[in-house]
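The next block holds one structure in the form of structure tokens; read it before the comments.
Each chain gets a letter, A, B and so on, in the order its sequence line appears, and its residues count up from 1.
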Amino acid sequence: MKNLFNRDILELLPHREPFLFIDKVVSVESGCVTALKHIKKDEEYFKGHFPGKPLVPGVLIVESMAQASGIACVAYLDKQKDSAKKDPSVYFLSRISDIKFKHHVLPGDTLVIRSEVIQHFAPFFKVQTSCKVNDKIVAEGELVLTKPEGEVV
Amino acid sequence: MESSNQSELCDRIKRMIVKAVKLKIPPERIENTKPLFGPEGVGLDSIDALELVIALEKEFGARISDSSVGRKVLVSVETIAKFIQENSSEKPIQ
């Protein structure tokens with residue numbers, strides 16, 4: 001687990017372009033992860049969301065938070081095992097609770113996402129997560145992720 | 001016959017369940033022996049179990065250590081009450 005933030009992001013997440021919403025993990029400790037996602041100025045979805053007034057859709061902010069949360073689950077299990085074993089599992093998003101969107105996210109912004117596992121009750125992980133831009137919280141709430149049945153946790 | 005302490009504990013558990021999983025029925029509608037999960041019972045699902053585990057620890061200091069314990073404890077209000085009575089300390093059961 002010590003080296004988690006040095007690993008290639010593609011080893012930590014099963015997601016691939018065009019649905020990879022984390023660029024980099026910058027810190028990991030005790031099931032708590034901070035990760036970055038830079039929003040390019042020419043993201044395809046700005047053509048429609050919205051013409052003349054580009055805004056990052058809230059659902060994509062939640063997706064970034066969910067992907068960071070998946071890495072937090074990996075870090076949590078790594079801590080339990082006290083090893084840095086690669087865990088390529090797909091974690092499924094099972095519940096979105098009380099997510100608040102507080103500010104708009106614009107082209108060129110960088111999301112700083114913090115996700116922390118607050119409860120593990122196999123196969124579920126409850127994660128507290130927030131997303132900041134320029135040190136200001138733009139979204140926060142709780143997610144439940146599920147590790148597929150049949151996998152040892 | 002149920003003691004008043006037991007009855008009070010069951011009422012607290014019912015209030016905890018309604019609050020934790022945002023049930024749309026009043027606590028008194030949950031019978032002590034009715035299964036909490038599945039369509040034949042109160043209708044909770046497996047994700048609700050996670051919320052119950054969190055609520056039990058927060059409100060009663062009773063920690064369910066893993067899902068095999070959870071499957072035995074989170075059956076009905078009555079089984080949860082028994083678990084709380086036997087695990088009043090912060091120590092998890094094995």
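In this structure, the side chains of A/Phe124 and B/Ser46 come closer than 4.5 Å at one or more pairs of heavy atoms.
Cluster annotation: A/Ile118 and B/Ile47 are assigned to distinct hydrophobic clusters (Ile/Leu/Val/Met/Phe/Trp/Tyr, side-chain heavy-atom contacts under 4.5 Å, transitive). Residue A/Phe50 is not grouped with residue A/Val59 when hydrophobic side chains (ILVMFWY) are merged at heavy-atom distances under 4.5 angstrom, including chains of intermediate members. Under a hydrophobic clustering in which Ile, Leu, Val, Met, Phe, Trp and Tyr are joined whenever their side-chain heavy atoms come within less than 4.5 Å, directly or via other members, A/Leu55 and A/Ile113 fall into different clusters. Hydrophobic clustering, with ILVMFWY side chains joined whenever heavy atoms are under 4.5 angstrom apart, groups B/Val69 together with B/Met16. A/Leu60 is connected to A/Leu111 through a chain of hydrophobic side-chain contacts under 4.5 Å among Ile, Leu, Val, Met, Phe, Trp and Tyr, so both are in one cluster.
Residues forming a side-chain hydrogen bond (donor to acceptor under 3.5 Å, both in side chains) with A/Ser69 (at least two apart in sequence, or on another chain): A/Ser115.
Heavy-atom minimum distance, A/Ala122 versus B/Ser67: O-CB, 3.5 Å.
Residue-level contacts of residues 92-108 of chain A with chain B, in order of numbering, are A/Ser94, A/Arg95, A/Asp98; threshold 4.5 Å between heavy atoms.
Counting non-hydrogen atoms of other residues, nucleotides and ligands closer than 6.0 Å to CD of B/Glu40 gives a total of 12 or fewer. Counted within 6.0 Å of CG on A/Asn134, heavy atoms from surrounding residues, nucleotides or ligands total 12 or fewer; the atom is thus considered open.
Note that the NZ atom of A/Lys126 and the CD atom of B/Glu51 stand 3.5 Å from one another [nearest 0.5 Å]. Annotation: the span from B/Ile54 atom CD1 to A/Phe121 atom CZ amounts to 10.0 Å, rounded to 0.5 Å.
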